[in-house]
Structures are given as structure tokens and as C-alpha cells.
Amino acid sequence: MDTAQRQREYWRKNLRVTAILMVIGFVVTFVVAFFARELSFNFFGWPFSFWMAAQGALLVYVALVWFYAHYMNRLDHEYGFDETSEGEQS
């Protein structure tokens, strides 16, 4: 596989995971807030809408950042774009 094709495939995978994570972030930020009144069940002793706004969203954002960093490190290593193989790229 030539370098240009590998770069296109790498970029396509990068865009796909970024889009998925952005959709998850959108759902956590806006959709949960929009339907907060309907989400009136208790979660760890608090109303779910309050818990999601106060704690849950932050935990989801941290998990999204961790997943993206982990996924991209693995993808970089798979395609030879990581820092350890930077000199070997030429």
C-alpha cells in the first residue's frame, strides 16, 4: 500500500472516530438537557437530570478525551505515524 493511500485511510479513521465522539458529546450536552424533565428517575440518590448536569457530563467528557487519546495512539502506531517510528517514515 502506498503512502498516500495509507494517509487517506488513517485520516478517514480519524474523522470517523472524531465524528462519533462529537455525536456522543452533543447527546450528553444538549439532548440530555433538553429532555431533563422527562428524566425524572433517581440515580445514586439524586434526580438523574441533576446528576447528569452536575457530574455525569464531566465524567463522560473525560472518558471521551481518554478514549480519543488511546485510540489515536494505537492508530498512530498501527500506521507508523507514532513518535517512535518517525525517523523510519522516509
Side-chain angles (χ1 to χ4, degrees):
M1 185 177 340
D2 67 334
T3 305
Q5 184 179 358
R6 288 179 55 80
Q7 288 174 341
R8 279 192 301 272
E9 187 176 329
Y10 171 84
W11 187 243
R12 187 172 48 250
K13 287 184 179 183
N14 181 7
L15 290 178
R16 184 178 8 200
V17 75
T18 302
I20 291 168
L21 295 178
M22 287 181 70
V23 167
I24 293 170
F26 176 81
V27 168
V28 168
T29 303
F30 295 107
V31 175
V32 172
F34 185 75
F35 292 109
R37 291 185 185 177
E38 287 82 17
L39 300 172
S40 60
F41 59 91
N42 282 342
F43 189 74
F44 291 122
W46 296 91
F48 181 74
S49 58
F50 172 78
W51 185 88
M52 196 63 186
Q55 303 297 327
L58 297 174
L59 295 175
V60 171
Y61 300 146
V62 169
L64 291 176
V65 170
W66 175 85
F67 177 80
Y68 181 75
H70 180 71
Y71 179 83
M72 289 309 296
N73 282 336
R74 199 175 63 216
L75 194 65
D76 287 348
H77 182 69
E78 178 184 333
Y79 283 89
F81 297 136
D82 57 341
E83 295 161 357
T84 58
S85 63
E86 190 171 316
E88 302 168 12
Q89 193 68 17
S90 300

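Note that this is a predicted model, so its numbers are computed, not measured. Position 1 is the first residue of the sequence; numbering continues from there.
- The structure places CD1 of Ile24 at 11.5 Å from OG1 of Thr29, a figure rounded to the nearest 0.5 Å.
- Checking Arg6, Gln7, Gln5 one by one against Thr3, the side-chain contact (heavy atoms from CB on, under 4.5 Å) holds for a single residue, Gln7.
- Not one N or O on the side chain of Asn14 forms a donor-acceptor pair closer than 3.5 Å with the backbone of Tyr10.
- Using a 4.5 Å cut-off between side-chain heavy atoms of Ile, Leu, Val, Met, Phe, Trp and Tyr, with links allowed through other members, Trp11 and Tyr68 fall into different hydrophobic clusters.
- Among residues at least two apart or in separate chains, salt bridge (charged side-chain N to carboxylate O under 4.0 Å, His left out) pairs with a member in residues 13-29 are Glu9-Lys13, Lys13-Glu78.
- Counting only heavy atoms from C-beta outward, the side chains of Leu15 and Arg12 never approach each other to under 4.5 Å.
- Hydrophobic clustering places Phe67 together with Ile20 (ILVMFWY residues linked when any side-chain heavy atoms are closer than 4.5 Å, directly or through intermediates).
- The same ILVMFWY cluster, assembled from side-chain heavy atoms under 4.5 Å apart, contains both Val17 and Trp66.
- Take Val31 and apply the side-chain contact (heavy atoms from CB on, under 4.5 Å) test, not counting sequence neighbours, and it matches Phe26, Val27, Phe35.
- One finds the OG1 atom of Thr18 at 9.0 Å from the OH atom of Tyr71 (value rounded to the nearest 0.5 Å).
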